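None of the values given here were measured: they were computed from a predicted structure. In what follows, chains are A, B, ... by sequence order, proteins preceding strands, each numbered from 1.
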Amino acid sequence: MASPGGAALQRHAAVAVLRAAAAAGDLSKGKALHARIITAANFDVVLHNNLISFYAKCGQVGVARKVFDAMPFRNAVSGNLLMSGYASSGRHKDSLALLRVVDFGLNEYVLSAAVAACTHIRSYDMGRQCHAYAVKAGLAEQAYVCNAVLHMYCQCAHMEDAVKVFQNVSGFDEFAFNSMMNGFLDRGQLDGSVRIVKAMVGEVEKWDHVSYVAVLGHCASMKDLVLGGQVHAQTFKRRLELNVFVGSALVDMYGKCDRAHDAQCAFDVLPEKNVVSWTAVMTAYTRNELYEDALQLFLDMEMEEVKPNEFTYAVAVHSCAGLAALRNGNALSACALKTGHWVHLVVGNALMNMYSKSGSIEDAWRVFVSMPLCDVVSWNLIITGYAHHGLAREAMETFHSMLSAGEVPSYVTFIGVLSACAQLGLVDEGFYYLNIMMKEVGVTPGKEHYTCMVGLLCRAGRLDEAERFIVNNCIGTDVVAWRSLLSSCQVYRNYGLGHRVAEQILQLKPNDIGTYVLLSNMYAKANRWDGVVKVRKQMRERGVRKEPGVSWIQVGSDVHVFASEDKVHPQMDQITVKLEELIDQIKAIGYVPNFAVVLHDIEDEQKEEHLMYHSEKLALAFGLIHTPKGATIRIMKNLRICDDCHVAIKLISVVTGRKIVVRDAVRFHCIDGGVCSCDDYW
DNA sequence: CTGACCACGA
C-alpha cells in the first residue's frame, strides 16, 4: 500500500509522462496512462486536468471533453484547459458553450479565454456579456481580461466601447495600443489612429514589432512618408527592419506613399522573404503603374521557389490589366486554374477586371458566371465594364439582376449605373437613382456621382442645366466636372460656353493640358481656325506640352509599342506600305484627313503625313499585317484617340472586315462595320 | 501582426 507521499510521487511521475507524451504527440503512450488512471482508486483533479491538456494538445479535443464530462468535480483550470483546446482547434462556439457548465468556477484565465472566443466569432453580444460578468466578478481590471476585452471590442468594430475600456487602462501596455491601432485602421478611422500614434510616439521604448507593423500601416493609410521614414529609422536601432512582418509593412508603406524604389530597397534587405513580402513589393510596383516590373517580380519569385497564393495572382493579373496584356493574363488564368487559386474571389475579380480592361467583356462575363462566389465588386466590374464598352443597356440590365439576386449596391455600383444612364441619355432615370434609390440603399452621393449627372445632362444636350448643376451641388471646384462639361461643349460645338468653362478650369488648375486639348478640338470641330491658332499660341507661351501619344498592340507573345511619328520600328517600311494602301482604300469611300486635330504649325501636305503616322494607325497597320484574316485587333493608347483616327479606323473596319477594339485613356471604342460603340460621343 | 479585387473624366 502506497503512502500518501508515495501517491504524490506517483502523481508527479504520471504528470511528467503525460506532458512528455503531449510534447511528442505520442497519443498511444498517453492513452495507456489514461487507462491506468481510470482504474486508480482515488479521483485526482490535477491528473485529470493533465489528461485534458494532453488530449487537447494532441488535437483530440473531443476526448478531452469526455474526460472533462466524466470528472466528478472540476476546477477553473479544467475549464481553462478545455477552452484553450477548443480555441486551438477553432471550435470557439463550443468553447463559449462551456460557460454554461459553470461548476468549475471562473477566474481571469477562463474569462479572457471566453472573451477571446467571442473575438474569434465576432460576437459583440457575447463579448459584452463576458465583459459585464468580469466587471461584476471584479476581474475586469486584470491585465489579461482587460486586453482581451479591448481587443474584442476593436475586432467587433465597436471602437466607442474600446475607447472607454482604453481610457481605464492604467499604465502603458503595447498590446492595448496595438489593438486600438489595428481597430481604427481596419475601420478606416484615421482620426482615431492619429490619436493613438501620438500617444505611442512618446513611449517608443515600449513598442514591440506588432506596434511597428501597426504604425506603418497607419503611415500607409495616411500617406505620411515623413512619419513612415522616422519609424523606418527607429526600426534600424532595433534591427527590426529585418523582421519579415515589419519589413513587409515597410514595403507596403513605401508603396502606398508612391515610393516604389524605396519599397524595393526595404524588400531587398529582408533575409527571409515570404509570399507576403513578395506580394507587397509587387503591389508597390503595380500601384505606381510599373506593371512590367511587377510581372518580372512574379517570375523572380517563382525562381526563388516561393509559391504564389491568391493575393499574388490577383496582383499579377492586375498588372496585366494595366498593360491590357491579354495573353499574359490568359496565361496567369491558366496557372491559377492549375494551382487551384482560380476559385478565390480576388482572383476571379482581378481576372474580370483584366479581361474588361483588355477589351474583352465577353471573357469577363465568362469568368463572372464561372466564379463559385461573387461579391459586390464582381457585379460592379460587370456593370462598369459594360458601360465602358458602350453597352449601357446591358449594364442597366445587369444592375437589375444584381438587385434581384439580393446583392446590395455600393457607392461604386451607382457610379457605373449613372454613367450607363448618361450614355443612354436616361435623364429622369438618372435623377431617380441619384435622389431616391441611393438614399433608400443608404449610399450618400459623392462628387463622382454628381460628375456622372453632369455628363448625363450634357449628353442630353442640356448644357446650361449642367452648368447650374455643377454650381448648385458644390462641385464647382472640381476640375473633372468642368472638364466633362467642356468635353460636351466640344461635341455640341458650343464654343461660347466652352470658352467660359475653359477659363474656369484654368483658374482652378493652370496649364491643365486636358483643357487645352479639348478647347482646341472644340474650335477645330466648329471650324474656328482663329480659335485653334489662339489656343496653340497660348500653349506655346505657357510652355504646356502635350504628352506624347503612344499606342501598343500585342502580337504573339510580344508587345509592340508605337509613338506618333516614331519611325524606328524594324518593320517600318512594310507598315508604311500597308498604311498608304489603307488610306487610299478609305479615301475611296469618303475619308478626308482632318487637319484640325493637328496641333503643329506645319504645311498641309506635311499634316496629311503627320496624321498617317499617328501611333494608333501605326499599331493598327502592324496588327493587320501580323494577324490572320478576320481576327479582332486590340489596340491600347495612353491618350484619347483623336478625331481623325476615330473616323479612319471606322472606315478601315469596313474595308478590311475586321473588328477593331481601341482602348484609349477613358473608354473602349469597339469598332465593327464602320460603327463605334461610343456612338461618336466622346 | 504583414499582402488583394471595383469608381466620375482625360
* Asked: Is the closest side-chain donor-acceptor distance between A:Thr398 and A:Ser401 under 3.5 Å?
  ->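 Absent: no donor and acceptor within the cut-off.
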Modelled atom types, side-chain donor and acceptor of A:Asn178 and A:Asp208, under 3.5 Å:
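Their side chains do contain a donor-acceptor pair, which is all the 3.5 Å distance test asks for.
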Considering every strand and a 4.0 Å limit on heavy-atom distances, what is the contact class for [X]: base, sugar-phosphate, or nothing?
| X | result |
| --- | --- |
| A:Lys256 | sugar-phosphate |
| A:Val376 | nothing |
| A:His209 | base |
| A:Val315 | sugar-phosphate |

Does [N] have its OP1 or OP2 closer than 4.0 Å to a side-chain nitrogen or oxygen of [X]?
| X | N | answer |
| --- | --- | --- |
| A:Thr515 | B:dA10 | no |
| A:His388 | B:dC8 | yes |
| A:Lys357 | B:dA7 | yes |

Next item on the list: Measure across A:Lys447 and A:Tyr411 and return the closest heavy-atom pair with its distance rounded to 0.1 Å.
Entry: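 Taking every non-hydrogen atom into account, N-OH, 3.9 Å.
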* **Salt bridge A:Arg500-A:Glu467, side-chain N to carboxylate O under 4.0 Å** =>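 The answer is yes: the pair qualifies as a salt bridge.
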With a 4.0 Å cut-off, would you call A:Asp664 and A:Arg640 a salt bridge?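 A:Arg640 and A:Asp664: salt-bridged.
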Which whole-number value in Å describes the distance from [X] [atom1] to [N] [atom2]?
| X | N | atom1 | atom2 | result |
| --- | --- | --- | --- | --- |
| A:Arg663 | B:dA10 | CZ | P | 16 Å |
| A:Glu448 | B:dC6 | CD | P | 15 Å |
| A:Tyr411 | B:dC6 | OH | P | 17 Å |
| A:Leu418 | B:dA7 | CG | P | 15 Å |
| A:Asn638 | B:dA10 | CG | C1' | 11 Å |
| A:Arg640 | B:dC8 | CZ | C1' | 13 Å |
| A:Phe311 | B:dC5 | CZ | C1' | 10 Å |
| A:Met301 | B:dG3 | CE | C1' | 10 Å |

